[in-house]
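Numbering of ligands and ligand atoms starts at 1, following listing order. What you see is a predicted model, and the numbers here were worked out from it, not measured in a lab.
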Amino acid sequence: MDSLAPEAVEPLLTGRFGRPYVYRESCESTQLLLDPSLPEGAAAVAEEQTAGRGRLGRVWEATAGTSVLCSVLLRPPTERRFAELSLVAGIAAAEAVEGATELAAQIKWPNDVMLNRRKVAGILAEAREDVVVVGIGINVNQTRIELPPSPHTPAASLRTIDGRVHERAPLLAELLARLERAYDGWRHGGLDELYAGLGARDFLRGRRVSVDGTSGTAVQIDREGRLEIDAGGEHVLAESGDVAYER
Ligand code: BT5
């Protein structure tokens, strides 16, 4: 098994993100390891989580040593919409996944990264006062039976998609570098700045969707990070929520 210990990852870091680097073999959730007083870009990484978190009280399951499980502390400017950070991190995770697999990844609004129509990564952004902890879980080396059964959005790992075992340390370093770049762009110009990379990877566009009671055809993720839905001619903007979609 490869390792995400500091000696494997720190030499590969190229920017501010990932410093300091907080590492645990096992923890409840990497979301709980970052004290708000740490500098922006501080990252927490673990081989295993005993209570990995999804959104809305759901769980994130990952066999020890198979995944990238990472949280990053951000201190976004107050004029930005914090909800957009899931998409900012989604772009970074999609780019990192594409770098590792040479396949095109997509972003399923509001917080999933898809490869071959399967979820390979999930994002969780949690705000506490003026800091936001962004958690990113990427399924890297799980075998098919190690992946959780998910009734709605099928799960995959990079390995189940391309048949290769991937080294996680370079993937994590790439993720942190991409996140820093996307985040700096967003700080400067909002989602507009990143829109080319977002619009081109919009998984739901053109699909039949249902978001918290609104059903219709997904038109696009808009420049404020909302999902525009054509509900029988009436255009509705969903701010956040859970999407059911037709595969
Ligand atoms: C997410 O939630 O997709 C956010 C996942 C964030 C995980 C990272 S890991 C590092 C950091 N520390 C944490 O504790 N969390 C973050 P959501 O959209 O609610 O999706 C959760 C649902 O996806 C679950 O209810 C399962 O159905 C499914 N699921 C669980 N584990 C999965 C996996 N490894 N791959 C794909 N789907 C999974």
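In the hydrophobic cluster analysis, where Ile, Leu, Val, Met, Phe, Trp and Tyr join through side-chain heavy atoms closer than 4.5 angstrom, Ile138 is grouped apart from Leu69. By the rule that hydrophobic residues join a cluster once side-chain heavy atoms approach within less than 4.5 Å of another member, Val131 and Leu179 end up as members of separate clusters. One hydrophobic cluster, built from ILVMFWY side chains closer than 4.5 Å, holds both Val97 and Leu103.
Remark: the backbone N or O of Gly122 is not paired with any side-chain donor or acceptor of Asp112 at under 3.5 angstrom.
Applying the side-chain hydrogen bond (donor to acceptor under 3.5 Å, both in side chains) test to every pair with at least one member in residues 152-162, sequence neighbours left out, gives these pairs: Asp162-His166.
Residue-level contacts of ligand 1 at the 4.0 Å heavy-atom threshold are Ser29, Thr30, Gln31, Gln49, Gly52, Arg53, Gly54, Arg55, Arg58, Val59, Trp60, Glu61, Leu69, Cys70, Ser71, Asn111, Asp112, Lys119, Gly122, Ile123, Leu124, Gly135, Ile136, Gly137, Asn139, Pro148, Ser150, Ala155.
Side-chain contact check for Trp60 and Gln49: no donor-acceptor pair (N or O, by modelled atom type) lies under 3.5 Å.
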